[in-house]
Undergrad: 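The structure under discussion is supplied below as structure tokens; questions concerning it will follow.
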Amino acid sequence: MHTICKYNNEIYQNFFVRFYKIALYYCDACAASIRVCVIVLQFNTKSIIFILSEKITYIAQIFYKTMLITFTISNFLSFDAPITFSMAAGQVETLPQQVIKGEKRSDVSLLKSAVIYGANASGKSNFIKAVSFAKEVIVAGLDKTITDNKHFRLDTTNKFKPTQFEFEFKYKEKMYAYGVILSLSERKIKEEWLFEILKTTHKPVFERTVKEDGTSRVDIFLKLDKDGQKRFEVYKEDIKATQLFLTEINDKNISNIQNIDPFKNAFEWFKERLIIVLPITKYLGINYVGNEEDSKNAFRYFLQLFGTGVEGVETIEQDLEDQLLSHIKEESLIDLQNGKVRDIILGLGRDLFSISKNKGGLIKVFKLAMQHKQRNTQNLIAFELEDESDGTQRLMDLIPVLVGLTQPHQTYLIDEIDRSLHPELTRKLLETFFENTKGTPSQLIITTHESSLLDLSLIRRDEIWFVEKDADGASHMYSLEEFKPRLDKEVRRAYLQGRFGAIPFIGDVKDLGWLKEITTASVVR
């Protein structure tokens, strides 16, 4: 069912004089059978969406472009000297829909995806782990993060050398650079900084240096009122060498302090917009705006799209147990109670649960089961998730990611996306991401061995990255853009032939001494 609404510009001119265009957009009725119509008002590249229904008037958030620009790392796991990974678009003209253009001519255009290749143990997963580790330190705190043996261990002097992480990212129409230098062996902060990136310079927000005695010098460059200045002086005095200043400030009640948006924006981006999916990640505890029925429909849609044989998803009500609640983030439960989200998908062991609030305000838990059609009948039979193939279970891990990626402001990093998946399914996942996120400022960064994705009709050459170890065992990263292959070149074949590096060196098994010994032993017998 569609409901189309028409409105006169004059009705809104007093409220939206800055918006020069009103475009009408309509959508299907949601699963709850609420009629909706959407009016998109555009000004430059911003848009505000109003969803009007018979039961609710909902004003959606302003779509800000939220994206990773660069990530720099040194002295962490297999990375020794500093390397920088960049999502800035190159000079490639193909597949322009996979680039989010800057609003101004001086702005950086950013890629929607990156596909990272490399041999086993080259450092692909370590790159994802580095981002994950840095996020954990920022969000949870250094004192709650395991730092043992995280430095580059193939150089004995590196244990006492600093480890550095720096992110450049765009959030709420601002570009920021946040970095930290750590001593992993001492579990201490050495330096920390936050800058706003302007057209021709970097504008400091704060800079921090930690002295040998553990005391910090923190310089704040924001224009604070007297109350804000007094409070920040106290915060500066109280900060410990094991604490990040960005994290500590956001743990305080700072909502009434003026002009500190850079602190709040930077922390919010790490906490809510940067999402890492490791091979062991289960279902993310992802929040859905829709209800339990919407979640079922989302899983059914993607499972059918990828040809798994699943006809539908069945929900079986479960008792609400403390063990289940303990695995849900506290802020997610608060959002559920407040109605900010209507459903939470959570994986626990080999089971998948949907947690939602009913009309009476009670929290309900449903176990999801996969429905298959019995042969020669129209009957559907439910399968537990553990009865499904490894490939289907892996898809269940990734479906919440696909749903999340259709929302703006998200940057997802997925390690080993092709794990337990057929090559065609892996390709379909990438195609689905591009198709469902056209014009949406969301990003997908993946590691893979799947060489069939090396297709310049699918991904741009500046979206392809390689990781390779040098003779000393240190990982290095570089883009295919550095090679500038012709657009008609068979990139997959060239990669497998070793022209771009980042492939395994496989020796001759005949040179292995144990093979000769086994052969000799067999002859003696």
Undergrad: Do K469 and S78 pair up side chain to side chain, a donor and an acceptor below 3.5 Å, judged on atom types alone?
TA: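 No.
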Undergrad: Between L413 and L274, is there a side-chain heavy-atom distance shorter than 4.5 Å?
TA: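 Touching, per the 4.5 Å side-chain cut-off.
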Undergrad: Check whether any side-chain heavy atom of F221 lies under 4.5 Å from a side-chain heavy atom of K203, and answer yes or no.
TA: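 Sidechains of K203 and F221: no contact.
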Undergrad: Assign the ring pair F263 / F206 to parallel, tilted or perpendicular, where the plane angle (0 to 90°) is split at 30° and 60°.
TA: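 Ring orientation, 0 to 90° scale: parallel.
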Undergrad: Could you measure the distance from the NZ atom of K170 to the CG atom of L68? Nearest 0.5 Å is fine.
TA: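 Atom-to-atom, K170:NZ and L68:CG are 13.0 Å apart.
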Undergrad: Taking the inter-plane angle between the rings of F466 and Y117 on a 0 to 90° scale, is it parallel (under 30°), tilted (30 to 60°) or perpendicular (over 60°)?
TA: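 Geometry flag for Y117 against F466: tilted rings.
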Undergrad: If you define the side chain from C-beta out and look only at heavy atoms, does anything of S185 sit under 4.5 Å from H151?
TA: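 Not touching, per the 4.5 Å side-chain cut-off.
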Undergrad: So among K172, R273, E268, E272, which one has a side-chain contact (heavy atoms from CB on, under 4.5 Å) with T66?
TA: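 Of K172, R273, E268, E272, side-chain contact (heavy atoms from CB on, under 4.5 Å) with T66 is met by R273 alone.
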Undergrad: Between D143 and T242, is the side chain to side chain donor-acceptor pair (under 3.5 Å) condition met? List the steps.
TA: CA-CA 6 Å; D143 56 340; T242 57; 5.6 Å; no
Undergrad: Just wondering, more than 12 heavy atoms not from E93 lying within 6.0 Å of its CD?
TA: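 Incorrect, the count does not exceed 12.
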Undergrad: Within the distance-only criterion (no hydrogens, no angle test), does the side chain of E168 pair as donor or acceptor with the backbone N or O of M175 below 3.5 angstrom?
TA: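 No: the side chain of E168 does not pair with the backbone of M175.
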Undergrad: Parallel, tilted or perpendicular: which one describes the rings of F76 and F165, with boundaries at 30° and 60°?
TA: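 If you compare the ring of F76 with that of F165, the planes turn out perpendicular.
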Undergrad: K190: which residues meet the salt bridge (Lys or Arg N to Asp or Glu O under 4.0 Å) condition with it, sequence neighbours left out?
TA: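 Here the qualifying residues are E186.
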Undergrad: Return the CD1 to CG distance between I417 and L453, rounded to the nearest 0.5 Å.
TA: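 Result: 8.0 Å between the selected atoms.
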Undergrad: Between L456 and T94, does the side chain to side chain contact (heavy atoms under 4.5 Å, CB included) criterion hold? Intermediate values first, please.
TA: CA-CA 8 Å; L456 295 183; T94 58; over 6 Å; no
Undergrad: Can you check whether R461 reaches F483 side chain to side chain, under 4.5 Å on heavy atoms?
TA: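 R461 vs F483: side chains apart.
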Undergrad: For the side chain to side chain donor-acceptor pair (under 3.5 Å) test, which of S457, S451, S452 pairs with D455?
TA: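 By the side chain to side chain donor-acceptor pair (under 3.5 Å) criterion, D455 pairs with just one of S457, S451, S452: S457.
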Undergrad: Could you state the interatomic distance from CD1 (I459) to NZ (K112), rounded to the nearest 0.5 Å?
TA: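 Answer rounded to 0.5 Å: 14.5 Å.
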Undergrad: For D418 and H449, which I'm curious about, is there any donor-acceptor pair between the side chains at under 3.5 Å?
TA: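 Side-chain D/A pair, D418 to H449: absent.
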Undergrad: Run the salt bridge (Lys or Arg N to Asp or Glu O under 4.0 Å) test against E191 and tell me which residues pass, sequence neighbours left out.
TA: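 If we apply the salt bridge (Lys or Arg N to Asp or Glu O under 4.0 Å) test to E191, skipping adjacent residues, there are no hits.
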Undergrad: Evaluate the ring planes of Y178 and F270, with Trp represented by its six-membered ring, and classify them as parallel (under 30°), tilted (30 to 60°) or perpendicular (over 60°).
TA: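 It falls in the perpendicular class, over 60°.
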Undergrad: For the residue pair L194 and F267, establish whether any side-chain heavy-atom pair is separated by less than 4.5 Å.
TA: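 A side-chain contact under 4.5 Å is absent here.
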Undergrad: Please tell me if the side chains of S122 and E468 come closer than 4.5 Å, counting only heavy atoms from C-beta onward.
TA: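 No. Closest side-chain heavy atoms not under 4.5 Å.
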Undergrad: Please identify which of these residues, F79, F71, W465, F167, meets the ring pair (Phe, Tyr, Trp, His ring centres under 6.0 Å) condition with F85.
TA: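 When ring pair (Phe, Tyr, Trp, His ring centres under 6.0 Å) is applied between F85 and each of F79, F71, W465, F167, only W465 qualifies.
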Undergrad: Can a side-chain donor-acceptor contact be found between S86 and T70 if the only test is distance below 3.5 angstrom?
TA: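 Short answer, no.
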